[in-house]
Number of protein chains: 2
Amino acid sequence: MMAKIQHNQPLYEQLMWRIKAQVATSVLKVGDKLPSVREMALIEGLNPNTVAKAYKALEGQQVIETVAGKGTFVRQVDTVVDEKAINELRNDFNNMMIEAKRLQVTPEQLHQWIDEFYLEGQQ
Amino acid sequence: MMAKIQHNQPLYEQLMWRIKAQVATSVLKVGDKLPSVREMALIEGLNPNTVAKAYKALEGQQVIETVAGKGTFVRQVDTVVDEKAINELRNDFNNMMIEAKRLQVTPEQLHQWIDEFYLEGQQ
DNA sequence: TACGTGTACTATGATACACAGTACACTTTA
DNA sequence: TAAAGTGTACTGTGTATCATAGTACACGTA
């Protein structure tokens with residue numbers, strides 16, 4: 001009966017980010033099997049429907065793929081450039097910089113954040 | 001009766017971003033008066049309540065200030081460092097880079113986006 | 001006084017979120 | 001073959017948010 005949204009973001013989106021972060025940092029590699037919908041629900045303390053919603057959305061983003069009756073697996077990175085998604089990213093990025101400027105975060109700091117991220121992801 | 005949310009973002013938040021962008025690019029300067037709630041509602045094609053919601057949220061973010069009976073004005077930039085907001089920004093920034101990596105946007109491209117933004121804002 | 005300002009209400013309809021429960025087609029395993 | 005585990009698709013419930021409409025009030029200004 002509960003339905004708490006923390007950090008102003010839906011639970012299924014928060015799960016999506018956790019999974020995407022694991023893929024980006026190679027904690028999850030291509031071909032790796034994800035926990036089943038019901039298993040992940042127990043792990044994360046969520047409803048299986050909520051996990052299924054996250055899985056389906058991630059499949060739509062080409063992050064994972066599902067094989068009928070087998071499970072869900074990390075998908076090979078798509079080689080096709082997604083112009084629409086990149087445009088949305090650019091727009092979000094602009095909003096982020098408006099916010100950064102307001103909070104008096106310097107561009108040098110932003111540069112550093114980028115470098116730190118790509119350094120940690122290299123290992 | 002309508003209630004269309006475009007771009008998967010509430011109308012009042014979209015308005016907030018437009019105003020914040022105008023402040024960041026100095027289209028709106030400190031002390032400038034914003035259109036009244038009812039006037040802005042006509043301009044943007046929104047309900048006065050929706051505009052009021054955006055104004056109130058922006059006041060909470062110290063972007064604007066309201067003077068009783070007079071109107072709303074662009075506020076002086078706060079000198080206090082908002083650690084909490086910066087931490088949230090950092091988190092959003094990380095998610096953004098996860099997305100960028102997935103879309104095969106290079107860190108060099110991200111660096112360029114930053115420089116372009118701060119260059120345009122200088123004028 | 002009259003007007004414009006932000007604000008605070010109540011109410012309605014639409015939508016999204018998260019949950020509970022059931023069911024089905026599929027694959028693998030025993 | 002039978003059983004168990006997979007994703008998926010439903011229906012339904014409760015909650016919250018969003019956007020609208022309409023009314024009202026205290027305040028400042030002309």
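Order of the sequence lines sets the chain letters (A, B, ...), proteins ahead of strands, with each chain counted from 1.
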Just to confirm, is there a sub-4.0 Å distance from OP1 or OP2 of [N] to any side-chain nitrogen or oxygen of [X]?
| X | N | result |
| --- | --- | --- |
| Lys53(B) | dT7(C) | no |
| Ser36(B) | dT5(C) | yes |
| Thr66(B) | dT5(C) | no |
| Thr50(A) | dC19(C) | yes |
| Asn47(B) | dA21(D) | yes |

Check every atom of [options] against the side chain of [X] and return the nucleotide holding the closest atom.
| X | options | value |
| --- | --- | --- |
| Tyr12(B) | dG6(C), dC18(D), dA8(C) | dC18(D) |
| Leu11(A) | dC19(C), dG6(C), dT8(D) | dC19(C) |
| Val37(A) | dT7(C), dT8(D), dC17(C) | dT8(D) |

Expressed as a whole number of angstroms, how long is the span from [X]:[atom1] to [N]:[atom2]?
| X | N | atom1 | atom2 | value |
| --- | --- | --- | --- | --- |
| Asn8(A) | dA18(C) | CG | P | 11 Å |
| Glu39(B) | dT5(C) | CD | P | 6 Å |
| Gln9(A) | dT17(D) | CD | C1' | 16 Å |
| Met40(A) | dT8(D) | CE | P | 14 Å |
| Glu59(B) | dT7(C) | CD | C1' | 11 Å |
| Leu42(B) | dG4(C) | CG | P | 12 Å |
| Arg38(A) | dT22(C) | CZ | P | 13 Å |
| Leu34(A) | dG5(D) | CG | P | 19 Å |

Taking the basic N atoms (NZ, or NE/NH1/NH2) and the acidic carboxylate oxygens, is any pair closer than 4.0 Å for Glu13(A) and Arg18(A)? no
Roughly how far, to the nearest 0.5 Å, is [atom2] of [Y] from [atom1] of [X]?
| X | Y | atom1 | atom2 | value |
| --- | --- | --- | --- | --- |
| Thr25(B) | Ile98(A) | OG1 | CD1 | 7.5 Å |
| Gln9(A) | Gln14(A) | CD | CD | 5.5 Å |
| Phe93(B) | Leu110(A) | CZ | CG | 4.5 Å |
| Lys56(A) | Glu59(A) | NZ | CD | 9.0 Å |

*Which part of the nucleic acid does Glu65(A) contact within heavy-atom distance under 4.0 Å: base, sugar-phosphate only, or nothing?*
nothing
Ranking Lys70(A) and Leu46(A) by the position along DNA chain C of their nearest nucleotide, the one closer to 5' is Leu46(A)
Sorted by position of nearest nucleotide on DNA chain D, 5' first, the leading residue of Ala68(A) and Gly69(B) is Ala68(A)
Establish whether the base of dG6(C) is bridged to the side chain of Asn49(B) by a donor-acceptor pair shorter than 3.5 Å.
no
